[in-house]
Number of protein chains: 2
Amino acid sequence: MIPNRPFRPAPVTARDKLLEAAVKLVRSNGYSATSVDQLCGEAGVTKGAFFHHFPSKEALGVAAAEYWSASTSAFFAAAPYHHHADPVDRVLGYIDFRLALIGGPVEGFSCVAGTMVQEAFRSSAAIRVACEASIMGNAAALEADLAAAIAQRGVKGTSAASLARHVQTVIQGSFVLAKTQDGEMCAEIAREQLGHLRRYFSMLFNVDEDRILQ
Amino acid sequence: MIPNRPFRPAPVTARDKLLEAAVKLVRSNGYSATSVDQLCGEAGVTKGAFFHHFPSKEALGVAAAEYWSASTSAFFAAAPYHHHADPVDRVLGYIDFRLALIGGPVEGFSCVAGTMVQEAFRSSAAIRVACEASIMGNAAALEADLAAAIAQRGVKGTSAASLARHVQTVIQGSFVLAKTQDGEMCAEIAREQLGHLRRYFSMLFNVDEDRILQ
DNA sequence: GCAAACATACCAACTGGTCGGTATGCCGAC
DNA sequence: GTCGGCATACCGACCAGTTGGTATGTTTGC
């Protein structure tokens, strides 16, 4: 979900270093394929430290999703698109902000929660729920602006919550498509797909009321 | 991608049984978390048979993506939505067809290629390419109808290939969102999201030409 | 001095993969 | 027609390495 988070303070405790390692390794190798030893190696920490802070690998997965959730929501809360007066501008501003974050290798802008839930939704309910909270929490942050936009433009036949989920759907889907590609095409295809989301919303919020419903 | 494929003949050879097992297990547990022993157990086949037919687990992954690709494309080629005279009806018919396929647990309608590429895009180029072929092949099957619809309705600012990719994006993204849910909500959220895709296309192909571009 | 934060050594279970062997069916030669 | 030769399909014990997890220390801050 979030890409290159600049000015992130370097983690100090072993716990933080492990969470950072989890974000990095899960993004590029997935949850199952990432071993506890790899995590410890990446974090520069021993296995004893790992199991001191987390009772199991699954617990690290849950904590990583929550850590991810917290750092991304703080990142987006501080973004500039909130300042627009028009709610439609805030919504489109969010999409443009996401668009600007896409670049470089996929593991730099993909989503930890989306990656983990794909693998663990059946084997670990705890991880599934933590990833749900992360993704739906990110969606919920847009809901107020979407509700205002819907009210202002008189959009019928959907809801702010449903549209917020659609934003996440297109974002997550664009990451999957991006992962099928190589090199610069990864970012290019992800940007292209967010462009369709932008166009959908532009049409939805600008069109005459009687043309909205099919 | 494809869900409940009815009337599929029961696999006979060990190879076919292993491919069927791979589709089932990868869909519910992912690629990395599925072991060769599990695959053999599910297929009712020994390890000797596995490595007789596939040189490695990775090769099975590639073969599974190709097998998946072949069976889904045959399934969609035989679907009834192709018979509509209007290309826009064919495109919307495809979406409605996909909508009708969504139901039951996620692993019954999710996509093997999308699941695998999320895990293996960095560790296995062969699997990545096989999944790309599967997903983009599915997209390509819609391209002609989309091109005709674009031409007929005078849509500007995009291409048939890009819109075809968007269909896959929303489908793959809806599967990710569905996997965050439990029980019947899985199918419900996936259907809701395909509904947005349908609405986007409805607007795109019906609106006056001068209103299309923002 | 004492608890939290780590480190080291270790374990049973499992991992993908190998290897010698067998059962079966198809081939032309006689 | 039946026999030897040979390829394909499959079996299951086995291997070295790795897995998540534990048990027992040691260090450090207060």
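In what follows, every chain begins at residue 1, and chains take the letters A, B, ... in the order their sequences are listed.
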- For A/S35 and D/dT18, is the shortest distance between a side-chain N/O and OP1 or OP2 below 4.0 Å? no

- Task: In sequence, state the C-alpha distance, the side-chain angles, and the governing distance for B/Q38 and B/N29, and then conclude on side-chain contact (heavy atoms from CB on, under 4.5 Å).
- Result: CA-CA 11 Å; B/Q38 275 175 46; B/N29 304 326; 4.0 Å; yes

- Query: Going by distance alone, is a donor N or O of one side chain under 3.5 Å from an acceptor N or O of the other, for A/E20 and A/Y67?
  - Reply: yes

- Task: State which residues pass side-chain hydrogen bond (donor to acceptor under 3.5 Å, both in side chains) with A/E143; sequence neighbours excluded, sorted by chain then number.
- Result: none

- With sequence neighbours excluded, give me every salt bridge (Lys or Arg N to Asp or Glu O under 4.0 Å) pair touching residues 101-114 of chain A. A/E107-B/R122

- Could you check how far CG of A/L60 sits from C1' of D/dG21, rounded to whole Å? 14 Å

- Using a cut-off of 4.0 Å on non-hydrogen atoms, how would the nucleic acid contact of A/S32 be classed: base, sugar-phosphate, or nothing? nothing

- Note on the structure: Applying side chain to side chain contact (heavy atoms under 4.5 Å, CB included) to B/A63 and not counting sequence neighbours gives B/R15, B/L19, B/F54

- Item | Qualifying salt bridge (Lys or Arg N to Asp or Glu O under 4.0 Å) pairs, either residue in residues 63-85 of chain A, two or more places apart | none

- Task: Can you run down the salt bridge (Lys or Arg N to Asp or Glu O under 4.0 Å) pairs that involve residues 172-181 of chain B, sequence neighbours left out, and say none if there aren't any?
- Result: none

- Query: Please give, in whole Å, the distance from C/dT15 P to B/F50 CZ?
  - Reply: 13 Å

- Message: Listing request: all salt bridge (Lys or Arg N to Asp or Glu O under 4.0 Å) pairs with a residue in residues 45-58 of chain A, at least two apart in sequence or in separate chains.
- Response: A/D37-A/K47

Distances under 3.5 Å only, N/O to N/O: pair up the protein atoms with those of nucleotides 5-7 of chain D.
none

- Message: How many whole angstroms separate atom CZ of B/F51 from atom C1' of D/dG12?
- Response: 13 Å

- Task: Not counting sequence neighbours, which residues clear side-chain hydrogen bond (donor to acceptor under 3.5 Å, both in side chains) with B/R90? List them please.
- Result: B/D145

Protein-nucleotides 5-7 of chain C N/O pairs closer than 3.5 Å?
{"unit_1": "C/dA5", "atom_1": "OP2", "unit_2": "A/H52", "atom_2": "NE2", "d": "3.3"}
{"unit_1": "C/dC6", "atom_1": "OP2", "unit_2": "A/H53", "atom_2": "NE2", "d": "3.0"}
{"unit_1": "C/dA7", "atom_1": "OP2", "unit_2": "A/T46", "atom_2": "N", "d": "3.2"}
{"unit_1": "C/dA7", "atom_1": "OP2", "unit_2": "A/T46", "atom_2": "OG1", "d": "3.0"}

- Item | Residues that A/Y81 engages under ring pair (Phe, Tyr, Trp, His ring centres under 6.0 Å), provided they are two or more places apart | A/Y94, A/F97

- Note on the structure: note: A/D37, atom CG; D/dG17, atom C1'; distance rounded to Å ~ 12 Å

- Message: If the condition is ring pair (Phe, Tyr, Trp, His ring centres under 6.0 Å), which residues does B/H196 pass it with, not counting sequence neighbours?
- Response: A/H166, A/Y200

- Rounded off to whole Å, could you give me the CG-to-C1' distance for the B/L39 and C/dC14 pair? 15 Å

- Message: Does anything in residues 124-131 of chain B come within less than 4.0 Å of DNA chain D? Heavy atoms only, and list the residues if so.
- Response: none

- Query: Nearest-Å distance, CZ (A/F54) to P (D/dG20)?
  - Reply: 15 Å

- Note on the structure: In whole angstroms, the gap separating C1' of D/dT22 from NZ of A/K57 amounts to 18 Å

